[in-house]
Amino acid sequence: MLVLVKLCAEVALLALAGQWVLALLVGARREGNLMYGLLRVVSSPVVRLVDRWGPSGLTARGRGAMAAVLLCVLWLAATAGKVWMCLDVGVSSCR
């Protein structure tokens, strides 16, 4: 379960990072870019979660940053849980 949570956080974080890089490269034409749209679909559940439960009045950039922080915290927690679990059962049996 922890591996799945960690994987989902990694994929969403990479999608947000990819959106950011593509926005820098393409600029205002990013909305019509196919790759940007695909990355947006992948990261949209987390951004919508932040939009729903986050503070009101956030800009699109703020929602993306808040989603990235949330995903980083989730990834760190899943990684810590996985390390703790591996130390508990033994490193050799945790593959």
(message) Take a 6.0 Å sphere around CE of Met35 and say whether it holds more than 12 heavy atoms from other residues, nucleotides or ligands.
(response) no
(message) Using every non-hydrogen atom in the two residues, find where Leu16 and Gly64 come nearest and quote the distance to one decimal.
(response) CD1-O, 4.1 Å
(message) I'd like to know if the side chain of Ser44 and the backbone of Val41 have a donor-acceptor N/O pair within less than 3.5 Å.
(response) yes
(message) Which heavy atom of Leu39 sits nearest to which heavy atom of Gly18, and what is that distance?
(response) CD1-C, 3.5 Å
(message) According to a hydrophobic-cluster definition based on side-chain heavy atoms being under 4.5 Å apart (Ile, Leu, Val, Met, Phe, Trp, Tyr only), do Trp53 and Leu71 belong together?
(response) yes
(message) I need the Lys6 NZ to Leu76 CG distance, nearest 0.5 Å.
(response) 10.0 Å
(message) In this structure, would Val83 and Val91 fall into the same cluster of hydrophobic residues linked by side-chain contacts under 4.5 Å?
(response) yes
(message) Starting from Trp75, can I reach Leu7 by hopping between I/L/V/M/F/W/Y residues whose side chains sit under 4.5 Å apart?
(response) no
(request) Might you work through the side-chain contact (heavy atoms from CB on, under 4.5 Å) test for Leu58 and Met66, ending with a clear yes or no? (result) CA-CA 9 Å; Leu58 280 178; Met66 185 80 85; 4.2 Å; yes
(request) Spell out, yes or no, whether Tyr36 and Val26 are grouped together once hydrophobic residues are joined by side-chain heavy atoms under 4.5 Å, including indirect joins. (result) yes
(message) If I take atom OG from residue Ser43 and atom CG from residue Leu14, how far apart are they, to the nearest 0.5 angstrom?
(response) 11.0 Å
(request) Enter the distance from Gln19:CD to Asn33:CG here, rounded to the nearest 0.5 Å. (result) 11.0 Å
(message) To check you understand the geometry: which heavy-atom pair defines the closest contact between Gly81 and Leu2, and what is its length?
(response) C-CD1, 3.4 Å
(request) With Arg63 as reference, evaluate Val46, Leu49, Val47 under the side-chain contact (heavy atoms from CB on, under 4.5 Å) test and give the passing residue. (result) Val47
(request) Tell me, please, which residues at least two apart from Val42 pass side chain to side chain contact (heavy atoms under 4.5 Å, CB included). (result) Val11, Ala15
(message) Does Lys82 have more than 12 heavy atoms from other residues, nucleotides or ligands lying within 6.0 Å of its NZ?
(response) no
(request) With rounding to the nearest 0.5 Å, note down the distance linking CZ in Arg48 to CZ in Arg52. (result) 9.5 Å
